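Below is one structure, written out as structure tokens, with a few remarks after it.
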Amino acid sequence: MALTKPTKRGRHDHAAPQKQDDPVPGDLDSDEHEPPEAGKPEEPQELPDEVLHLCMQLHDAGHRAEIRRGQVVVTPPAGRESTYIVDRLSNLLIPLKLANNWRFHQTWGVHIPPYQDLRLPDLMVAPDEVEQFDDMRMCGHCALLVVEVCSPGTYKVDWKEKPLDYARAGVPLYLIVDPVTSPRRVTLMSDPLSDLQPLDHHRQAYRQIVTAEEDEALELPWPFGIKIETSALFD
């Protein structure tokens with residue numbers, strides 16, 4: 001879907017957010033960005049204790065470490081713009097958090113089955129009581145919302161890898177805040193497929209995808225039931 005230049009609108013005069021079959025930005029919508037192992041069957045393997053130990057050490061040292069396909073990957077630290085966006089979104093969700101006794105997580109990850117992979121969202125909203133996989137991560141189906149804020153260093157991973165990972169984990173709502181694409185936009189993915197395999201990169205992992213460009217409103221469905229003014233995230 002071609003992106004159009006944003007127009008100035010009144011605070012409550014919004015164009016309808018766009019439902020999309022393929023939300024991936026045009027510069028990433030090609031096979032060259034698929035992982036080289038795509039399409040190759042592979043059986044899950046036990047993760048060596050050394051890998052988990054290294055990941056825990058990195059977390060303890062303040063690094064953002066994830067585990068993908070049994071390998072520890074250190075992700076770039078969040079820049080100022082990303083942390084501001086997470087802070088603004090958190091402010092919008094705080095009334096719901098307090099009313100429902102939810103928790104915000106920024107240093108606790110999501111277990112990605114069938115491997116012992118770990119993804120570390122920029123923000124995760126979850127109930128107070130969840131199913132814990134281990135001290136570093138929870139089971140994805142317990143999350144209420146997982147949020148990633150794109151940066152030049154995480155752009156491809158946020159758009160091409162994490163939708164499949166989070167859907168496989170059972171995360172019901174995946175929100176991508178994208179200040180990199182022009183115009184800036186927010187994309188909500190919901191209703192994950194239940195039969196996804198680790199190498200199903202050619203499949204759209206979530207059935208419902210809605211994108212709102214800057215100055216539009218995006219609705220977060222149950223259990224949130226609110227509309228987010230996307231311009232409030234980018235100001």
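These numbers were taken from a predicted model, which means no experiment stands behind them.
- Between the Asn100 side chain and the Trp102 main chain, no donor and acceptor come within less than 3.5 Å of each other.
- Checking side-chain atoms of Asp200 against main-chain N and O of Arg203 turns up no donor-acceptor pair under 3.5 Å.
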Given side-chain contact (heavy atoms from CB on, under 4.5 Å), test His111 with Glu131 step by step and report yes or no. CA-CA 11 Å; His111 168 235; Glu131 183 180 349; over 6 Å; no
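- Contact annotation: the side chain of Leu118 approaches that of Met136 to within less than 4.5 Å [non-hydrogen atoms, C-beta and beyond].
- Counting heavy-atom neighbours within 6.0 Å of Phe104 CZ, excluding the residue itself, gives a total above 12.
- A donor-acceptor pair is defined here as one N or O able to donate and one able to accept, closer than 3.5 Å; such a pair exists between the side chain of Ser90 and the backbone of Val86.
- For the pair Tyr166 and Pro192, the minimum side-chain heavy-atom distance is 4.5 Å or more.
- For Met189 against Ile176, the heavy-atom pair with the smallest separation is CE-CD1, 3.9 Å.
- In terms of heavy atoms, Gly140 sits closest to Val110 at CA-CG1, 3.7 Å.
- Atom CG in Leu89 sits 5.0 Å away from atom CD1 in Ile228 (nearest 0.5 Å).
- The side-chain hydrogen bond (donor to acceptor under 3.5 Å, both in side chains) search around Asp87 returns none, not counting sequence neighbours.
- Side-chain contact between Thr187 and Ile209 is present, with heavy atoms from C-beta onward closer than 4.5 Å.
- The line from OG1 of Thr154 to CG of Asp122 is 7.0 Å long, rounded to the nearest 0.5 Å.
- Rounding to the nearest 0.5 Å places NZ of Lys227 at 11.5 Å from CD of Glu216.
- Taking the six-membered ring for Trp and the full ring otherwise, the centers of Trp108 and Phe133 sit at least 6.0 Å from each other.
- Atoms CG and CE, on Leu145 and Met124 in that order, are 10.0 Å from each other to the nearest 0.5 Å.
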Between Glu161 and Arg119, does the salt bridge (charged side-chain N to carboxylate O under 4.0 Å, His left out) criterion hold? Intermediate values first, please. CA-CA 10 Å; Glu161 296 181 13; Arg119 288 299 195 180; 2.9 Å; yes
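- The shortest non-hydrogen separation linking Pro127 to Cys142 is CD-O, 3.2 Å.
- Side chain of Asn91 to main chain of Ile94: no donor-acceptor pair is present (N/O by atom type, distance under 3.5 Å, no hydrogens or angles).
- For the residue pair Ser194 and Arg207, the shortest heavy atom distance occurs at N-NH2, 4.4 Å.
- With a 4.5 Å cut-off on side-chain heavy atoms, Val147 and Pro121 do not count as touching.
- No side-chain heavy atom of His201 sits under 4.5 Å from any side-chain heavy atom of Lys160.
- Leu96 contributes atom CG, which lies 13.0 Å from atom CG of Asn101 (distance to the nearest 0.5 angstrom).
- When atom types are taken as modelled, the side chain of Thr181 and the backbone of Asp178 share no donor-acceptor pair closer than 3.5 angstrom.
- Inter-residue side-chain proximity for Cys139 and Val130 is flagged as unmet; no heavy-atom pair is nearer than 4.5 Å.
- A salt bridge (charged side-chain N to carboxylate O under 4.0 Å, His left out) check over residues 102-115, counting only residues at least two apart or in different chains, returns the pairs Arg103-Asp128.
- The closest donor-acceptor contact from the side chain of Glu219 to the backbone of Pro221 lies at 3.5 Å or more, if one exists at all.
- Glu214 contributes atom CD, which lies 4.0 Å from atom CZ of Arg184 (distance to the nearest 0.5 angstrom).
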Salt bridge (charged side-chain N to carboxylate O under 4.0 Å, His left out) between Asp165 and Lys162: does it pass, once the steps are laid out? CA-CA 5 Å; Asp165 286 348; Lys162 290 195 173 182; over 6 Å; no
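- The two residues Pro172 and Tyr206 come nearest to each other via the heavy atoms O-CE2, 4.0 Å.
- The minimum heavy-atom distance linking Leu144 with Pro223 is given by the pair CD2-CG, 4.1 Å.
- Of the possible polar contacts, one joining the Arg88 side chain to the Leu233 backbone as a donor-acceptor pair under 3.5 Å is found.
- Looking at heavy atoms from C-beta onward, Val177 lies in side-chain contact with Phe234 at the 4.5 angstrom threshold.
- Between the side chain of Thr230 and the backbone N or O of Asp215, at least one donor-acceptor pair lies under 3.5 Å.
- Within the 4.5 Å cutoff, the side chain of Leu188 has heavy atoms near those of the Leu220 side chain.
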